[in-house]
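A short write-up of the structure that comes next.
Since this is a predicted model, take the numbers as computed values, not measurements.
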Amino acid sequence: MSILWVILGFILLVVGGEFLVRSSVALSFKFNISKMVIGMTVVSFATSAPELLVSLNAALSGSPAIAINNVVGSNIANIGLVLGVTALVGPIAVDKSFYKLNWPVMMIFSMALYFFLKNDSVLTSLEGGILFLGLLLFLFFLIKKAKKDTKIEGVDDTLSVVSNFKIVIWLLIGAAALYFGSEWLVKGAEEIALAVGVSKGVIGLSLIAIGTSVPELAASVIAAAKQEKAISLGNLIGSNIFNIASVLGVTSIVKQIPVTEPTILNNDIFWMLGFSAVLIPLILLPKQLQISRMKGMFLVAAYGVLMFFIFTRG
């Protein structure tokens, strides 16, 4: 039964990713703003929904620490696994706004999370509120900037005449499919992991984190396959920002999140910062503003090394 949940989960995630990409491209035409911005807002919010639901559920059921494992693990997976695999599908051209705005904002939120947790090993309601307010300010600035920069790099022009009703339906179908797909995938993966004797701490950082990152993987790979590379990169960076500022921000407002596992602060969060930081040399060297298949292979290999360390430490 566990394997069936995993298979059904993957099917729903592919369907959800397809509808989400369609609606996102249609929205970029409708509002006449860049696909990078749509990827960083609409797609990121929808693909971050599983992390938010898992984390809120954990906090309300008395296990808020799972939220940190989930977000740290998901942010690592988004870059190492999702961006790596997406680049293997095809090289990703990177816009200058990536290192001028999007990447620095992601690093600021990542460093803020580290300092908040390092300070007293607790993410308080006030700190969560600061993270969430920072997200709102960033989105306001992003949308305001997008209205000035109205460049549309159209690929599928038929999506420029889609009705508002159809866009909303596609968004709802995509978000629902991604939610249930990730739920079923996590359920199946957790049952399989427990059956082979892996600890719940390892499950939270690896399988649950991967499971809640599969919506990003589905949306990004489908976007890349459709040559919508701006959406795939924007989705991943936006999703990492949403995970910290929205998922942990909202969860800690509901209930403060204590760090109960020292390895999160001593080890895992440095992997998250490292994967985020390495993006700059990757996109600038040796060929500028491109994440090639070779670079994608490097990211996937690095992620594989991390998973090996996590499972061997038990």
Side-chain angles (χ1 to χ4, degrees), residues 7-53 78 81-83 85-95 97 102 139 142-143 146-147 149-185 211-242 246 291:
I7 294 170
L8 288 173
F10 271 119
I11 292 170
L12 272 186
L13 289 168
V14 171
V15 171
E18 169 70 24
F19 277 101
L20 208 59
V21 169
R22 274 195 208 176
S23 58
S24 305
V25 176
L27 275 172
S28 72
F29 280 113
K30 192 70 67 177
F31 291 103
N32 203 35
I33 57 178
S34 75
K35 291 170 186 172
M36 174 68 85
V37 173
I38 292 293
M40 290 192 68
T41 53
V42 178
V43 181
S44 294
F45 181 77
T47 55
S48 287
E51 282 92 342
L52 179 58
L53 293 165
N78 281 349
L81 180 65
V82 180
L83 183 59
V85 171
T86 305
L88 289 174
V89 172
I92 301 172
V94 182
D95 190 81
S97 65
N102 305 331
L139 290 178
L142 196 66
I143 293 168
K147 288 181 178 178
D149 178 21
T150 56
K151 182 181 70 174
I152 291 277
E153 47 297 293
V155 173
D156 188 352
D157 291 334
T158 59
L159 291 172
S160 63
V161 291
V162 174
S163 68
N164 291 338
F165 177 75
K166 190 175 280 189
I167 291 174
V168 172
I169 294 299
W170 284 353
L171 272 174
L172 291 174
I173 292 173
L178 289 174
Y179 167 68
F180 286 108
S182 63
E183 281 282 293
W184 293 353
L185 183 68
T212 54
S213 286
V214 169
E216 283 90 344
L217 179 60
S220 295
V221 169
I222 289 169
K226 288 175 172 288
Q227 301 299 304
E228 303 290 357
K229 304 291 178 63
I231 285 180
S232 63
L233 184 60
N235 168 33
L236 296 177
I237 300 305
S239 194
N240 277 15
I241 294 170
F242 268 88
S246 176
I291 301 175

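- Here the shortest heavy-atom pairing between N164 and K30 reads OD1-CE, 3.2 Å.
- I173 meets the side chain to side chain contact (heavy atoms under 4.5 Å, CB included) test with F19, I169; sequence neighbours excluded.
- Taken from CG in L236 to CD1 in I92, the straight-line distance is 7.5 Å, to the nearest 0.5 Å.
- The side-chain heavy atoms of T86 and I291, taken from C-beta on, include no pair separated by under 4.5 Å.
- Residues that satisfy the side chain to side chain contact (heavy atoms under 4.5 Å, CB included) test with L12, not counting sequence neighbours, are A177, F180, W184.
- For I241, the side chain to side chain contact (heavy atoms under 4.5 Å, CB included) partners at least two apart in sequence or on another chain are M40, V105, M106, F109, L135, F138, I237.
- Scanning for side chain to side chain contact (heavy atoms under 4.5 Å, CB included) contacts around A218 gives L13, with sequence neighbours left out.
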- Worked check of side chain to side chain contact (heavy atoms under 4.5 Å, CB included) between L20 and I222: CA-CA 10 Å; L20 208 59; I222 289 169; over 6 Å; no

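- Atom CD1 of I167 is separated from atom CG of L172 by 12.0 Å, given to the nearest 0.5 angstrom.
- For S213, the side chain to side chain donor-acceptor pair (under 3.5 Å) partners at least two apart in sequence or on another chain are N78.
- Taken to the nearest 0.5 Å, the CG atom of L139 stands 9.0 Å off from the OG atom of S246.
- Within the model, atoms CG of N102 and CG of N240 stand 12.0 Å from one another, a figure rounded to the nearest 0.5 Å.
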